[in-house]
Amino acid sequence: MSLTDAQLMELYDKQALHDNLMMYVRGADRHDRELMRSTYWPDSFDDHGAYVGDGQGWADAAMTWHDKIYSCNHHVSNVLSEIEGNRAKRESMFVCVVPFREPEVTMFQAGRYRDLCEKRDGVWKILHRTCVWDWIDVRPINSDWEIVDVPRVSHWGAWYPEDPIYLDWVQSPPTEFPRQPGRHP
């Protein structure tokens, strides 16, 4: 069975839409402002609840959390893109895990991104995003890396540009655990 040109183009577009979403998540999780901004069109709109405004402005607003949290980890699944010409409705589910510095709690939040994406000059980006919230849970930080035998010198996540994803994938050395001894990771 051979695929038609239209079927191949739909597969290509769906992969490009998925890549756009993954680049957004990488930018958000690594606090890479420019990467986050690059996933939105300049005339985009974003409604994250506490932030309502242009998409590129959301990238700026997200960076204000930089000194308040230890890390940010989005887990995105159930991505469904329905393409209609140069526009696509994209729904995805997310769980975001965020350990806070003060108070020392971990926030688990989940919901869905309802994105209207647009293709311009062959490139897919977010035109209109609504963050649909489904649940949240906040718990005291209670972690112990030693229980899973992770050494203090290892490949620890960090903000852009120090995170291992931005470093040489073969030669980057392990680093010391980035938090104070006795403090929770």
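Note that these values count all heavy atoms, side chains included, but never hydrogens, waters or copies made by symmetry. Just so you know, these numbers come straight off a predicted model, no measurement behind them.
Lys68 contributes no side-chain N or O that, together with a main-chain N or O of Glu102, makes up a donor-acceptor pair within less than 3.5 Å. Remark: side-chain polar atoms of Asp115 are not paired, donor with acceptor, to backbone N or O of Cys117 under 3.5 angstrom. Using a distance-only test at 3.5 Å, with no hydrogens or angles considered, a donor-acceptor pair links the side chain of Gln7 to the main chain of Thr4. At least one donor-acceptor pair closer than 3.5 Å links the side chain of Thr64 to the backbone N or O of Ala61. Of the possible polar contacts, none joining the Asn78 side chain to the Ser92 backbone as a donor-acceptor pair under 3.5 Å is found. No donor-acceptor pair under 3.5 Å is formed between the side chain of Ser154 and the backbone N or O of Pro151. The main-chain N or O of Tyr166 is never found under 3.5 Å from a side-chain atom of Asp163 such that the two would form a donor-acceptor pair.
Looking at heavy atoms from C-beta onward, Cys96 lies in side-chain contact with Val98 at the 4.5 angstrom threshold. The side-chain heavy atoms of Lys125 and Thr39, taken from C-beta on, include no pair separated by under 4.5 Å. Looking at heavy atoms from C-beta onward, Asn73 lies in side-chain contact with His75 at the 4.5 angstrom threshold. The shortest side-chain heavy-atom distance between Pro99 and Ser71 falls under the 4.5 Å cut-off. Considering only heavy atoms from C-beta on, His74 stays 4.5 Å or farther from Val95 through its side chain. For the pair Val97/Gln109, no side-chain contact is recorded, criterion being any heavy-atom separation below 4.5 Å from C-beta on. Within the 4.5 Å cutoff, the side chain of Met9 has no heavy atoms near those of the Asp5 side chain. Looking at Leu21 and Tyr113, their side chains come closer than 4.5 Å, going by heavy atoms from C-beta outward.
Annotation: Trp135, atom CH2; neighbour count of heavy atoms from other residues, nucleotides and ligands within 6.0 Å is above 12. A 6.0 Å sphere centred on CZ of Phe108 holds more than 12 heavy atoms belonging to other residues, nucleotides or ligands. Other residues, nucleotides and ligands contribute at most 12 non-hydrogen atoms within 6.0 Å of the CH2 atom of Trp65.
Of the charged side-chain nitrogens involved, none lies within less than 4.0 Å of a carboxylate oxygen, so that Arg26 and Asp32 do not count as a salt-bridged pair. Ionic pairing of Glu82 and Lys89 is not present here: no N-O contact between side-chain nitrogen and carboxylate oxygen is shorter than 4.0 angstrom.
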Pair Glu91-Val79, side-chain contact (heavy atoms from CB on, under 4.5 Å): steps then yes or no: CA-CA 6 Å; Glu91 178 187 5; Val79 180; over 6 Å; no
- request: For His18 and Lys14, run side-chain contact (heavy atoms from CB on, under 4.5 Å): C-alpha distance rounded to whole Å, both residues' side-chain angles, the deciding distance at 0.1 Å, then the answer.
  value: CA-CA 6 Å; His18 188 269; Lys14 286 188 176 197; over 6 Å; no
task: Could you please spell out the steps behind the side-chain contact (heavy atoms from CB on, under 4.5 Å) verdict for Leu80 and Arg90?
output: CA-CA 6 Å; Leu80 178 62; Arg90 179 179 67 198; over 6 Å; no
task: For salt bridge (Lys or Arg N to Asp or Glu O under 4.0 Å), just list the numbers for Asp67 and Arg101, CA-CA rounded to whole Å, side-chain angles, deciding distance to a tenth of an Å, and then say yes or no.
output: CA-CA 8 Å; Asp67 295 327; Arg101 293 177 182 272; 6.0 Å; no
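Through side-chain heavy atoms spaced under 4.5 Å, either directly or across other Ile, Leu, Val, Met, Phe, Trp or Tyr residues, Leu17 is tied to Ile83, Trp124.
Criterion: ILVMFWY side-chain heavy atoms under 4.5 Å apart, direct or through other members. Under it, Trp133 and Val25 are part of a common hydrophobic cluster. Cluster annotation: Val76 is connected to Ile126 through the hydrophobic network of ILVMFWY side chains, with a link wherever side-chain heavy atoms come within less than 4.5 Å.
How far CG of Asp137 is from CE of Met107: 11.0 Å, rounded to the nearest 0.5 Å. Here the CG atom belonging to Asn20 is positioned 11.5 Å from the CD atom belonging to Gln15, to the nearest 0.5 angstrom. With values rounded to the nearest 0.5 angstrom, Glu34 atom CD is found 5.5 Å from Arg37 atom CZ. Atom-to-atom distance recorded for Leu116:CG and Leu127:CG is 5.0 Å, nearest 0.5 angstrom.
Aromatic ring centres of His31 and Tyr160 lie farther apart than the 6.0 Å criterion allows. Separation of the Phe100 and Tyr70 ring centroids does not fall under the 6.0 Å cut-off.
Inspection of the Asp60 and Gln56 side chains reveals no N or O donor paired with an N or O acceptor under 3.5 Å. Counted by atom type alone, Arg139 and Thr106 present zero donor-acceptor pairs between their side chains at under 3.5 Å. In this structure, a donor-acceptor pair under 3.5 Å is absent between the side chains of Tyr40 and Asp54.
Val52 and Gly49 make their closest contact through CG2-O, 3.9 Å (heavy atoms, listed as atom of the first residue, atom of the second, distance). Between Gly27 and Met36, the shortest heavy-atom distance links the atoms C-CG, 3.8 Å.
Ring geometry for Trp58 against His48 counts as parallel: the plane angle stays under 30°, on a 0 to 90° scale with 60° as the upper cut. Using cut-offs of 30° and 60° on the angle between ring planes, the pair Trp159 and His66 is tilted.
The cationic atom of Arg129 (NZ for Lys, CZ for Arg) lies less than 6.0 Å from the six-membered ring centre of Tyr24 and within 45° of the ring axis.
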